[in-house]
Amino acid sequence: MVVHEVGDQAVDQLFHALADTTRRDILRRCVRTGTSVSQLAEAYPMSFAAVQKHVAVLARAGLVTKERRGREQLVRTDADGLRQARQALDQLETAWRGRVDRMSRLLAEEPTAPPQAAEENNPARRAES
């Protein structure tokens, strides 16, 4: 399997879409089966149009697909979109783990001053002399 790095614009859209509680809930509701937008709208205390806008944000981010079936529009979670989100998180984790590892190595290499030298450099100690 060839793994492609997720671009910045795609990552921005993914995380913007996932930043909203309602949109994350829509993803969960649509994982197993396609759910119509009207069924989704019944589940939330908002207008049908507001739910459509949430679905549109998820679709632009590639997290859901929409399929017209008669008068209804079915929404399904897109597994490839979720994989991209996971890949973006994995890339961030790899970058941060690398930074933490480098900091750990630098801290491990840093020499520690012997207690005697630390006391000699203490300004209060020098004032007593």
Side-chain angles (χ1 to χ4, degrees):
M1 171 169 77
V2 177
V3 177
H4 298 284
E5 205 167 295
V6 181
D8 286 342
Q9 185 175 3
V11 171
D12 290 347
Q13 285 182 327
L14 282 168
F15 289 120
H16 170 72
L18 293 172
D20 185 83
T21 304
T22 301
R23 290 193 284 266
R24 289 190 308 270
D25 190 60
I26 289 170
L27 280 175
R28 282 189 283 276
R29 289 174 185 268
C30 298
V31 167
R32 290 188 187 96
T33 60
T35 306
S36 72
V37 176
S38 56
Q39 287 173 320
L40 288 170
E42 291 171 8
Y44 303 104
M46 62 182 72
S47 69
F48 178 82
V51 172
Q52 278 184 312
K53 287 180 183 180
H54 281 299
V55 170
V57 170
L58 291 167
R60 277 194 301 276
L63 294 168
V64 298
T65 58
K66 297 185 288 185
E67 176 188 334
R68 174 95 33 213
R69 190 158 295 158
R71 292 179 48 192
E72 292 186 322
Q73 194 167 44
L74 297 180
V75 180
R76 286 194 176 85
T77 301
D78 187 324
D80 289 336
L82 291 177
R83 266 192 289 282
Q84 266 197 323
R86 180 72 233 170
Q87 183 181 354
L89 287 170
D90 288 345
Q91 289 170 4
L92 289 172
E93 180 183 13
T94 299
W96 279 104
R97 283 188 186 273
R99 290 176 182 167
V100 169
D101 289 345
R102 284 191 298 279
M103 285 191 307
S104 295
R105 282 193 306 273
L106 285 172
L107 290 172
E109 292 172 5
E110 192 172 310
T112 57
Q116 184 181 26
E119 284 186 31
E120 290 172 4
N121 291 330
N122 185 341
R125 203 43 140 160
R126 278 188 264 153
E128 292 175 3
S129 304

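Quantities reported herein were computed from a predicted structural model and do not represent experimental measurements.
- Remark: T94 OG1 to L89 CG distance equals 10.5 Å, nearest 0.5 Å.
- Side chain of T35 to main chain of C30: no donor-acceptor pair is present (N/O by atom type, distance under 3.5 Å, no hydrogens or angles).
- Linking Ile, Leu, Val, Met, Phe, Trp and Tyr whenever their side-chain heavy atoms come within less than 4.5 Å leaves V55 and V31 in two separate clusters.
- We find that D101 and R97 are not joined by a salt bridge, their nearest charged nitrogen and carboxylate oxygen being 4.0 Å or further apart.
- Atom NE2 of residue H16 and atom CZ of residue R60 lie 7.0 Å apart, to the nearest 0.5 angstrom.
- The distance from atom CD of Q39 to atom OG1 of T33, rounded to the nearest 0.5 Å, is 8.0 Å.
- Judged purely by atom type and a 3.5 angstrom limit, E72 has no side-chain atom pairing as donor or acceptor with the backbone of R69.
- Note that NZ of K66 and OG of S36 are 13.5 Å apart. Values are rounded to the nearest 0.5 Å.
- Across all non-hydrogen atoms, the minimal contact from A59 to V64 is N-CG2, 3.5 Å.
- Electrostatic pairing of R29 and D25 counts as a salt bridge here, judged by a charged N lying under 4.0 Å from a carboxylate O.
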Next item on the list: Decide yes or no on side-chain contact (heavy atoms from CB on, under 4.5 Å) for R23 and L63, but give the supporting numbers first.
Entry: CA-CA 10 Å; R23 290 193 284 266; L63 294 168; over 6 Å; no
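- The two residues A41 and F48 have their closest heavy-atom pair at CB-CD1, 3.8 Å.
- Remark: R71 CZ is loosely packed, at most 12 non-hydrogen atoms of other residues, nucleotides or ligands lying under 6.0 Å away.
- Nearest heavy atoms, L14 versus A61: CD2-O, 3.5 Å.
- The one candidate from V75, I26, L74 that meets the side chain to side chain contact (heavy atoms under 4.5 Å, CB included) condition with V37 is V75.
- One N or O on the side chain of R24 and one on the backbone of L18 form a donor-acceptor pair closer than 3.5 Å.
- Here L27 contributes atom CG and R76 contributes atom CZ; the two are 14.5 Å apart, rounded to the nearest 0.5 Å.
- Counting non-hydrogen atoms of neighbouring residues, nucleotides and ligands closer than 6.0 angstrom, the CD atom of Q9 reaches no more than 12 such neighbours.
- Residues L40 and V57 are members of separate hydrophobic clusters, defined by side-chain heavy-atom contacts under 4.5 angstrom among Ile, Leu, Val, Met, Phe, Trp and Tyr.
- Heavy atoms from other residues, nucleotides or ligands lying under 6.0 Å from CZ of R68 number more than 12.
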